[in-house]
Chemist: 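One structure coming up, written as structure tokens, with questions to follow.
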Amino acid sequence: MDKVGDVARTLNTLGRPATAKPPRGDEARRIVAGYRELAKTYDRVAVAISQFAAQSTASAAALTGSAEQIADADIKSRVAEAQDLVDQRTQVTTVFIADWKKLSQATNNYATQLDQAFVQGNKALYAEVDRGIQAKTAQDALISCTRNFDRAKGAVEDKLKELDEVAGGEGAPAE
């Protein structure tokens with residue numbers, strides 16, 4: 001969330017370059033450098049999320065190993081359902097990482113187009129510059145992930161509560 005706020009501030013500072021009144025010289029180079037740095041920020045976010053995802057994958061693998069030890073068929077079946085829900089939650093994270101990687105790449109491509117159009121003077125690229133960055137925005141990626149992750153998290157929590165009740169426990173088991 002903090003990074004999305006930082007990104008929004010950076011985008012506001014950079015502004016949207018206009019081909020009707022193209023920036024020149026130092027201003028054009030400042031804008032290109034700003035978009036290149038933004039692409040690096042998006043990439044760093046993707047790496048950080050990937051590290052989080054690796055921890056989540058390890059937890060899911062531990063759950064799978066534990067599930068194989070269960071003798072009760074009903075509980076084992078419900079644990080398998082919980083595993084499927086955890087896998088769905090993991091898929092949300094995978095899509096989120098892909099969105100950030102795509103945004104990083106698209107922003108880097110856009111910076112290259114800006115460089116060619118404004119710094120190098122290639123007016124043939126003006127149409128590409130006017131199209132902007134061809135990926136979901138950081139805010140759209142975050143909103144989509146949050147909505148889908150909350151839905152998946154709720155399903156996992158409900159299944160774990162159900163499992164706890166079937167197993168006769170007092171509280172929900174830890175993930």
Side-chain angles (χ1 to χ4, degrees), residues 1-61 82-159 175:
M1 295 282 279
D2 291 340
K3 281 295 179 192
V4 172
D6 292 345
V7 164
R9 282 186 289 285
T10 300
L11 285 170
N12 286 337
T13 301
L14 289 172
R16 181 164 169 122
T19 56
K21 187 178 176 199
R24 299 279 182 226
D26 288 343
E27 179 64 10
R29 283 186 281 283
R30 181 191 71 79
I31 291 170
V32 169
Y35 276 96
R36 285 199 172 123
E37 187 57 38
L38 200 54
K40 289 177 188 175
T41 298
Y42 293 148
D43 190 56
R44 285 189 293 268
V45 169
V47 168
I49 298 166
S50 295
Q51 291 169 346
F52 165 78
Q55 293 171 350
S56 179
T57 300
S59 296
Q83 286 175 295
D84 289 342
L85 294 170
V86 168
D87 289 343
Q88 289 174 21
R89 187 179 68 182
T90 301
Q91 185 60 31
V92 171
T93 305
T94 302
V95 169
F96 191 49
I97 294 165
D99 286 346
W100 282 97
K101 285 181 179 180
K102 182 184 257 184
L103 182 56
S104 173
Q105 185 177 31
T107 303
N108 196 47
N109 289 343
Y110 186 66
T112 299
Q113 292 167 351
L114 290 172
D115 182 49
Q116 291 295 311
F118 298 147
V119 177
Q120 307 301 321
N122 184 351
K123 293 181 180 183
L125 288 174
Y126 278 15
E128 293 297 315
V129 167
D130 287 339
R131 286 182 38 192
I133 298 170
Q134 297 299 298
K136 276 184 185 179
T137 66
Q139 185 177 9
D140 288 345
L142 182 62
I143 289 168
S144 175
C145 177
T146 300
R147 181 180 55 244
N148 293 334
F149 191 82
D150 286 348
R151 185 179 313 127
K153 180 182 172 190
V156 169
E157 288 174 354
D158 290 346
K159 184 53 71 176
E175 288 184 49

Chemist: Minimum heavy-atom separation for I97 and S50, please, with both atom names.
Modeler: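 Shortest heavy-atom contact: CG2-OG, 3.5 Å.
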Chemist: For E27, does the CD atom sit with more than 12 other heavy atoms under 6.0 Å from it, leaving out its own atoms?
Modeler: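 Count over threshold, so yes.
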Chemist: Among residues two or more places apart or on two chains, list those pairs meeting ring pair (Phe, Tyr, Trp, His ring centres under 6.0 Å) that have a residue in residues 4-44.
Modeler: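 Sorted pair list: Y35-Y110, Y42-W100.
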Chemist: Just how far is it from atom CG of D130 to atom OG1 of T19, taken to the nearest 0.5 Å?
Modeler: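 Between atom CG of D130 and atom OG1 of T19 there are 3.0 Å.
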Chemist: Only counting residues at least two apart or in another chain, list the ones meeting side-chain contact (heavy atoms from CB on, under 4.5 Å) with K102.
Modeler: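 Testing K102 for side-chain contact (heavy atoms from CB on, under 4.5 Å), a comparison that skips the adjacent residues, returns A135.
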Chemist: Could you state the interatomic distance from OG1 (T146) to CZ (R151), rounded to the nearest 0.5 Å?
Modeler: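 Atom-to-atom, T146:OG1 and R151:CZ are 11.5 Å apart.
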Chemist: Hey, does T107 have a side-chain heavy atom less than 4.5 Å from the side chain of K40?
Modeler: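 Counting from C-beta outward, K40 and T107 never come under 4.5 Å.
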Chemist: Less than 4.5 Å apart, any side-chain heavy atom of R30 and any of L14?
Modeler: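 Sidechains of L14 and R30: in contact.
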Chemist: I need the Q83 CD to D87 CG distance, nearest 0.5 Å.
Modeler: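 One finds 7.0 Å between CD of Q83 and CG of D87.
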Chemist: How long is the gap from CG on D99 to CD1 on I49, to the nearest 0.5 Å?
Modeler: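 Here the interatomic distance stands at 9.0 Å.
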Chemist: Identify the heavy atoms of G132 and R16 that sit nearest to each other, and give their distance.
Modeler: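 It is N-NH2, 3.6 Å.
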Chemist: In terms of heavy-atom contacts, does CG of D26 have more than 12 from other residues, nucleotides or ligands at under 6.0 Å?
Modeler: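 Incorrect, the count does not exceed 12.
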Chemist: Can you name the residues that form a salt bridge (Lys or Arg N to Asp or Glu O under 4.0 Å) with K123, not counting sequence neighbours?
Modeler: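 Listed in chain order: nothing, the list is empty.
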Chemist: Do T13 side-chain atoms and R9 backbone N/O form a donor-acceptor pair below 3.5 Å?
Modeler: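 Answer holds: yes.
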Chemist: Minimum heavy-atom separation for V129 and Q113, please, with both atom names.
Modeler: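 Closest heavy-atom pair between V129 and Q113: CG2-O, 4.0 Å.
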Chemist: Evaluate whether atom CD of Q105 has more than 12 neighbouring non-hydrogen atoms of other residues, nucleotides or ligands under 6.0 angstrom away.
Modeler: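 At most 12 heavy atoms, drawn from other residues, nucleotides or ligands, come within 6.0 Å of this atom.
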Chemist: What is the distance from atom CD1 of I143 to atom CG of N148, rounded to the nearest 0.5 Å?
Modeler: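 I143 atom CD1 to N148 atom CG measures 12.0 Å (nearest 0.5 Å).
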Chemist: Which heavy atom of P22 sits nearest to which heavy atom of Y126, and what is that distance?
Modeler: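 Closest approach of P22 to Y126, heavy atoms only: CG-OH, 3.4 Å.
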Chemist: Please tell me if the side chains of E37 and T10 come closer than 4.5 Å, counting only heavy atoms from C-beta onward.
Modeler: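 No, every pair of side-chain atoms sits at 4.5 Å or beyond.
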Chemist: Looking only at heavy atoms, which two atoms of N108 and A39 are closest? And how far apart?
Modeler: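 Heavy atoms only, the tightest pair is N-CB, 3.6 Å.
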Chemist: Nearest 0.5 Å please: distance from the CG atom of D43 over to the CG atom of L103.
Modeler: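 With rounding to 0.5 Å, CG (D43) is 10.5 Å from CG (L103).
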Chemist: At their closest point, which heavy atom of P17 faces which heavy atom of L114, and how far apart are they?
Modeler: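 The pair with the smallest heavy-atom distance is CG-CD2, 3.7 Å.
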